[in-house]
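As structure tokens, the structure follows; a few thoughts come after it.
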2 protein chains.
Amino acid sequence: MPEPSPSPAETKPRRRAGRPVGSVLDKAGITAAALALVSKKGYDGLTMAALAKSLGVAPSALYNHVGSKDDVLRLVEEDLMSQVDSSVFGSLPWEEAVKSWAYSYRDIFSAHTPLISVIAVLPVTDAPQTLAMYEAVTEGFLRAGFPEDRIIPCIVALEAYIFGAAFDATAPADIFDSGKLAESTPHFTAAVRSLGPVNYPSDLAFRMGLDALVAGFGALRG
Amino acid sequence: MPEPSPSPAETKPRRRAGRPVGSVLDKAGITAAALALVSKKGYDGLTMAALAKSLGVAPSALYNHVGSKDDVLRLVEEDLMSQVDSSVFGSLPWEEAVKSWAYSYRDIFSAHTPLISVIAVLPVTDAPQTLAMYEAVTEGFLRAGFPEDRIIPCIVALEAYIFGAAFDATAPADIFDSGKLAESTPHFTAAVRSLGPVNYPSDLAFRMGLDALVAGFGALRG
DNA sequence: GTCTATAAATGAATGCCATTCATTTATCTC
DNA sequence: GAGATAAATGAATGGCATTCATTTATAGAC
């Protein structure tokens with residue numbers, strides 16, 4: 001077993017094959033690296049190869065810790081869910097708490113819309129942070145006097161709205177520019193123009209819809 | 001220029017290179033084939049190669065008619081938008097018309113959620129069917145007495161809700177199963193159980209949220 | 001303490017994917 | 001009729017997630 005001569009002064013200290021002395025990877029590290037990569041390069045830049053590189057590791061090494069790229073997305077999702085501020089249900093009256101929670105939720109996920117298609121369909125079973133958020137929100141609804149069997153439908157509806165609004169928040173300002181077809185859509189074009197210089201009222205729309213949902217659901221309290 | 005001997009009795013009548021006598025492809029045909037492929041194989045099965053094959057053509061031939069796969073998705077989107085029933089605004093009172101339109105919109109796109117991430121951010125400029133829908137909805141709001149500058153925000157909020165709900169509609173029934181973590185989320189778990197055998201109340205939630213939005217927005221009429 | 005199973009890394013595939021390009025052939029325009 | 005253009009083929013290209021054989025370190029069984 002001849003010792004391979006260690007290449008002197010190599011800028012990249014290449015790890016040789018075989019299990020390293022100290023563990024290099026774990027789920028927390030992978031999650032953090034994935035988040036950093038996304039915030040620097042966006043979701044297009046989140047590839048298994050790029051993730052491995054940012055961790056100083058071969059791509060195949062990742063598969064000792066996650067089963068697939070979707071697994072990585074789930075790790076990221078869980079981390080984001082823990083960042084959603086559900087504590088407001090303990091400190092504010094229900095109306096304000098829901099609105100604050102909804103803004104927090106939307107703001108976080110509007111930078112992570114590619115996750116939404118994964119999350120929305122994902123069983124919550126192995127997602128403790130996500131479950132913790134649901135528990136906090138449910139408790140808030142219970143304290144506000146909601147009948148138990150109305151709480152989940154309300155949360156589902158609110159979440160649907162929040163996810164949809166997260167997409168909106170990333171839309172370009174000129175998304176409603178009717179261009180050459182303006183003449184054939186006079187009413188719509190005029191309605192867009194009436195908004196003034198800001199053509200895409202994502203924030204106004206979010207507030208209006210949220211107010212309506214909160215008002216409507218608030219009436220269900222016993 | 002020697003004529004290549006036509007292989008006799010070939011099961012697949014291979015087209016030889018060069019422009020064919022009759023045009024094989026056009027946008028309408030590509031759109032129809034893409035829709036058929038999606039309904040048979042889902043969006044995972046919608047690849048440029050599979051699309052080309054279903055049209056009896058080489059993959060590269062598609063690029064004479066569309067610039068990219070995203071272009072194909074845009075074609076599909078336009079087709080779906082034309083299927084959303086906006087005619088109800090001409091025949092029903094505003095509340096019922098909005099609800100009917102929203103159901104139609106959600107039902108169509110719940111089978112096409114992978115499009116949502118594309119649409120939601122897509123300028124409407126070159127999308128005549130989409131614009132036609134917006135025009136019809138805007139007219140409906142105007143007739144109902146809405147101030148011009150409130151119409152677009154209302155539509156944006158409704159659309160956000162509809163897109164989010166389209167994701168919900170595809171979620172598995174056990175999405176809220178808290179599994180081993182049930183003990184640490186007692187209130188949430190109880191709220192889920194209170195729904196009875198149907199654990200994921202997508203339809204009930206959609207109706208409740210839609211009612212709230214319509215009631216809240218209806219108050220804006222002049 | 002040694003032996004063995006297992007965990008964690010490398011590096012070299014694999015197969016699929018969207019897309020591009022050179023080439024060929026037909027059609028349109030002047 | 002000539003030259004430009006449109007529309008097809010078929011052969012690349014490069015990126016992607018994932019798998020596998022191999023190597024090395026560690027933990028647990030005896």
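Scope of the values below: all heavy atoms of this structure, side chains included, with no hydrogens, waters or symmetry mates.
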Exercise. Can we say R74(A) and D79(A) salt-bridge, meaning some charged N sits less than 4.0 Å from an Asp/Glu carboxylate O?
Worked result: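 Salt bridge flag = no for D79(A) with R74(A).
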Exercise. With a 4.0 Å cut-off, would you call D177(B) and R193(B) a salt bridge?
Worked result: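 Between R193(B) and D177(B) there is no salt bridge, as every charged N stays at least 4.0 Å from the carboxylate O atoms.
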Could you tell me how far apart [X] ([atom1]) and [N] ([atom2]) are, to the nearest whole angstrom?
{"X": "L62(B)", "N": "dT20(C)", "atom1": "CG", "atom2": "P", "value": "13 Å"}
{"X": "I30(A)", "N": "dA9(C)", "atom1": "CD1", "atom2": "C1'", "value": "13 Å"}
{"X": "M48(A)", "N": "dT14(C)", "atom1": "CE", "atom2": "P", "value": "21 Å"}
{"X": "L55(A)", "N": "dA8(C)", "atom1": "CG", "atom2": "C1'", "value": "14 Å"}
{"X": "K41(A)", "N": "dG15(D)", "atom1": "NZ", "atom2": "P", "value": "14 Å"}
{"X": "K53(A)", "N": "dA9(C)", "atom1": "NZ", "atom2": "C1'", "value": "19 Å"}
{"X": "L51(A)", "N": "dC16(D)", "atom1": "CG", "atom2": "C1'", "value": "14 Å"}

Closest nucleotide among [options] to the [X] side chain:
{"X": "V57(B)", "options": "dT9(D), dA17(D), dG11(C)", "value": "dT9(D)"}
{"X": "S60(A)", "options": "dT19(D), dT9(D), dA9(C)", "value": "dT19(D)"}
{"X": "L25(A)", "options": "dA18(C), dA9(C), dA17(D)", "value": "dA9(C)"}
{"X": "Y63(A)", "options": "dC17(C), dT18(D), dT10(C)", "value": "dT18(D)"}

For this session: Taking the side chain as every heavy atom from C-beta outward, state whether P172(A) and V121(B) have any atom pair closer than 4.5 Å.
Result: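 Yes. Closest side-chain heavy atoms under 4.5 Å.
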Exercise. According to a strict under-4.0 Å criterion, is H65(B) in side-chain N/O contact with OP1 or OP2 of dA8(D)?
Worked result: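 So the side chain of H65(B) is within the cut-off, an N or O lying under 4.0 Å from OP1 or OP2 of dA8(D).
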Exercise. Do Y105(B) and F109(B) have ring centres separated by under 6.0 Å?
Worked result: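 Under 6.0 Å, so yes.
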For this session: May I ask you to verify whether the side chain of N64(B) and the base of dA8(D) hold a donor-acceptor pair under 3.5 Å?
Result: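 By the distance-only test, yes, there is a pair.
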